[in-house]
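Written below as structure tokens is the structure these notes are about.
Please read these numbers as outputs of a predicted model, since none were measured by experiment. So that the names make sense, note that chain A is the first sequence line, chain B the second, and so on, each numbered from 1.
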4 protein chains.
Amino acid sequence: MTVSEKRARKVEQIHAAAARLFAERGFHATRMADIAAALDMQAGSLYYYAESKEDLLVGIVESRVGVAVASLRDVLASEASVTDKIRTAITAHLRAFQEDADIYSIFNFERLGDISPEVAEHVDRRGREYEALWGDLVRAGVQGGELRRDIDVRVTVKAIVGLCNSTLLWFRPGGRLSLDEVSGEFAALVLAGLAATGGPGT
Amino acid sequence: MTVSEKRARKVEQIHAAAARLFAERGFHATRMADIAAALDMQAGSLYYYAESKEDLLVGIVESRVGVAVASLRDVLASEASVTDKIRTAITAHLRAFQEDADIYSIFNFERLGDISPEVAEHVDRRGREYEALWGDLVRAGVQGGELRRDIDVRVTVKAIVGLCNSTLLWFRPGGRLSLDEVSGEFAALVLAGLAATGGPGT
Amino acid sequence: MTVSEKRARKVEQIHAAAARLFAERGFHATRMADIAAALDMQAGSLYYYAESKEDLLVGIVESRVGVAVASLRDVLASEASVTDKIRTAITAHLRAFQEDADIYSIFNFERLGDISPEVAEHVDRRGREYEALWGDLVRAGVQGGELRRDIDVRVTVKAIVGLCNSTLLWFRPGGRLSLDEVSGEFAALVLAGLAATGGPGT
Amino acid sequence: MTVSEKRARKVEQIHAAAARLFAERGFHATRMADIAAALDMQAGSLYYYAESKEDLLVGIVESRVGVAVASLRDVLASEASVTDKIRTAITAHLRAFQEDADIYSIFNFERLGDISPEVAEHVDRRGREYEALWGDLVRAGVQGGELRRDIDVRVTVKAIVGLCNSTLLWFRPGGRLSLDEVSGEFAALVLAGLAATGGPGT
DNA sequence: CATGAATGAGGGTTCATTCAT
DNA sequence: TATGAATGAACCCTCATTCAT
């Protein structure tokens, strides 16, 4: 393992520890000393790897933003029906949250604009892209007759995304229901909620 | 107006200003001086009305927690069908959020447990009560045949509440859709999503 | 004494204490705690009056820069001969240094450009003005025949000013010679050094 | 080249780089990392050649102090007239400053007493020796009738040395005037300023 | 009640220095 | 010898809180 590989690994460890604490306690309530302690270091040592606490947050965010969008893009690129795509996309969303709960908690709950306007704008842009993809999916469903004609696409997208995001506040793996059960339940609610009642064209 | 009435009014003004700032910037990022400045006061003067910044948050939370539950209890006490009650309850939820966005933002996004375990427990208890009422409503709908038999009540409740809560992040009065339009859209999604497909008893 | 007068007085006390320490130890070697201790305060309290340590330096410099130039301008406006003006101006320079040794030490020895480019530029500009006035004086002496024709005006000015400035490093009131004796000696050296040897026009 | 020669050479490089930075930015504003960077090294590596930052300064100062005195002693040992010796000594002073501006900037502007009282005392002693030599020269001129009787020798020496030292603040080789021109101008000023007006013995 | 002033604890950050490799 | 890494003390600065007036 080269020197710079070791360094990169350490940076990643620091990002991971910081992300966890930022997600758990919030950016402001997390002290550099907390992050350092989580890694058995001194606070000052962190500055060997990051220029500032803010830089830590920016580094975390920048390194992960875009993953969610990419994953949904894959789902959309498939040949499945809109119904199947929605089901799959909801599962993907929840799975991403489970795998990277820290970063998504930061995206959703931290006021990034107060910390770094640039990174906030970056995250917002990705969020808008994500919602735009969902919008395309829903619109396609309406046009193809799988989904109701009378829905408002943008509010519907907000609803689906908000629904999925809300799991951040309560879902914990190992609880009563598995992630797949929850996403199944969500998908059933959403699909039934949006389904065209009669056949296509009604 | 008696002296103590004036005092109570001032306390309320302070709570309102603090609630707004806590909601906008977060508890940690809000300084006592910010709150004071919003009221054309000096930071030190706040201590005639609150013992501490924490106490301010606790006061805000304690004075409002329970309103949401009470409002839902009213909805449940009515004679309407489950379907109508759900529709009304969603509207009530969104309306409460619009009227008191600050306090609900604090409930949803602030880590109360890190500030005051007691108040956090209090809020959580009310939240559980609120969800319990929703649970009763949903269960009644299932039993009465208005709602699908195969739903998981607790996840369904999480879904509905999470859906409604998510409006805190994007809904702004005066936007493209009115609050009633959004709640109508949400209700349609939820009701269609949960509706028993065949007639009662199927 | 009004509230804002008291405040202004305190600011002045802080500036004076800071100026003295900056002059004695240098800006970087002076800690905010040192300044505060000189005033029987806590370091944090200084921030009630100044935004930063840098701001303290800037405040000190900005409030005094220009005094030396003004004083020389007065000398130049008089009706005396160039010879007398030079003598008077040298005395004025040394007297200003004695009265405000702190600020002039800062001007001369602190690297202001590393602390605040704006304030450094301001001080430099004043310094150039000061030298320009000396240049006018010396040139007038040459043209009027009081001073030698073969001198280089700019170097001569640097010499005179450098000579006077050097007293910052060694002159202390109460020493063997009084300030007037030193300035008399300096003036004699400079005037004899620059005097036209023959009569005017030689 | 032996191992210890290589080491000595490296020490000298480090001293040179450190001296330059200390002169440019000041001791406190110069970081060990800056010095190391100037030599394409890591800060930690400097500790193979110096025990501390302070030690670096001490090493620089100790290795050069005395050169100026030696050079003046040579001038004094010659057979020239006092007038010629003064002219030569002024040139030597300015030349030494040009060749070793860094070290003389440190001598003149750094508060050595705050860093190492011993080295400060050493430098001061050398400075006093230097001034004593100048004093001998001036006194000889007075006694020999070349210089005015009424001058105060010590102030005159301070004046000459201060004058020469001030070039550190503004003289840059390659400017409008050469170093020889400046020292010629200075010598003319000083010699005319000190010259006995009547013949010897007046 | 309200304010201006002051406090002091604590947090982010810097940097000379050390040390295992 | 040189480096990357880590340390820890110290510094600047913030801010909730207190208090005399």
Let me confirm one number: the [atom1]-[atom2] distance from [X] to [Y], rounded to the nearest 0.5 Å.
X	Y	atom1	atom2	answer
B/Leu168	B/Tyr104	CG	OH	10.0 Å
D/Leu46	D/Glu51	CG	CD	13.5 Å
A/Glu12	A/Tyr49	CD	OH	13.5 Å
C/Ile103	C/Ile60	CD1	CD1	6.5 Å
D/Met41	D/Lys10	CE	NZ	4.5 Å

Interatomic distance, [X] [atom1] vs [N] [atom2] [rounded to whole Å]:
X	N	atom1	atom2	answer
D/Leu56	E/dC15	CG	P	16 Å
D/Phe27	E/dA16	CZ	C1'	10 Å
B/Ile14	E/dA2	CD1	C1'	11 Å
B/Gln13	E/dC1	CD	P	13 Å
A/Lys53	E/dT14	NZ	C1'	17 Å

May I ask you to verify if any side-chain N or O of B/Lys6 is less than 4.0 angstrom from the OP1 or OP2 atom of E/dC1?
->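 Result: no.
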Would one find a side-chain N or O of B/Gln42 under 4.0 angstrom from OP1 or OP2 of E/dA2?
->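 Answer no for this pair, as no side-chain N or O of B/Gln42 is under 4.0 Å from OP1 or OP2.
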For DNA chain F, whose closest nucleotide is more 5', that of C/Ser52 or that of A/Arg7?
->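 Nearest-nucleotide comparison on DNA chain F picks A/Arg7.
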Between D/Leu46 and C/Tyr47, which has a closest nucleotide on DNA chain F that is more 5'?
->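 Here D/Leu46 is the residue nearer the 5' end.
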How is the base pairing of DNA chain F summarised as a dot-bracket string, given the Watson-Crick and G-U wobble criteria with both distances under 3.5 Å, [ ] for crossing and | for another strand?
-> .||||||||||||||||||||
A/Phe109 and A/Leu169: side chain to side chain contact (heavy atoms under 4.5 Å, CB included), yes or no, with the steps?
-> CA-CA 10 Å; A/Phe109 301 130; A/Leu169 285 173; 3.9 Å; yes
Within 45° cone of C/Tyr48 ring axis and under 6.0 Å: C/Arg7 NZ or CZ =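 Yes.
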Range on DNA chain F touched by chain A, heavy atoms, distance below 4.0 Å =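 Footprint of chain A along DNA chain F, 5' to 3': F/dG4 to F/dG8.
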Check every strand shown and say whether B/Thr30 touches a base, only sugar-phosphate, or nothing at a heavy-atom separation below 4.0 Å.
->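 Sugar-phosphate, backbone atoms only, no base.
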Contact class for C/Ser4 (heavy atom, under 4.0 Å): base, sugar-phosphate, or nothing?
->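 Counting heavy atoms under 4.0 Å across all strands, no contact is made by C/Ser4.
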Given that D/Arg31 and C/Tyr49 both sit by DNA chain E, which one's nearest nucleotide is further toward the 5' end?
->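 Result of the comparison: C/Tyr49.
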Along DNA chain E (nearest heavy atom to each residue), the more 5'-positioned of A/Glu54 and D/Ser45 =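 Its nucleotide being nearer the 5' end, the pick is A/Glu54.
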Apply side chain to side chain contact (heavy atoms under 4.5 Å, CB included) to C/Asp34 and list each qualifying residue two or more places apart in sequence or on a separate chain.
->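 For C/Asp34 the side chain to side chain contact (heavy atoms under 4.5 Å, CB included) partners, ignoring immediate neighbours, are C/Leu21, C/Arg25, C/Thr30, C/Arg31.
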Test C/Val65 against C/His122 for side chain to side chain contact (heavy atoms under 4.5 Å, CB included), laying out the working first.
-> CA-CA 8 Å; C/Val65 83; C/His122 193 170; 3.7 Å; yes
Between E/dA2, E/dT13, E/dA16, which nucleotide has the shortest distance from any of its atoms to the side chain of B/Tyr48?
->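 When the side chain of B/Tyr48 is considered, E/dA2 is the closest of E/dA2, E/dT13, E/dA16.
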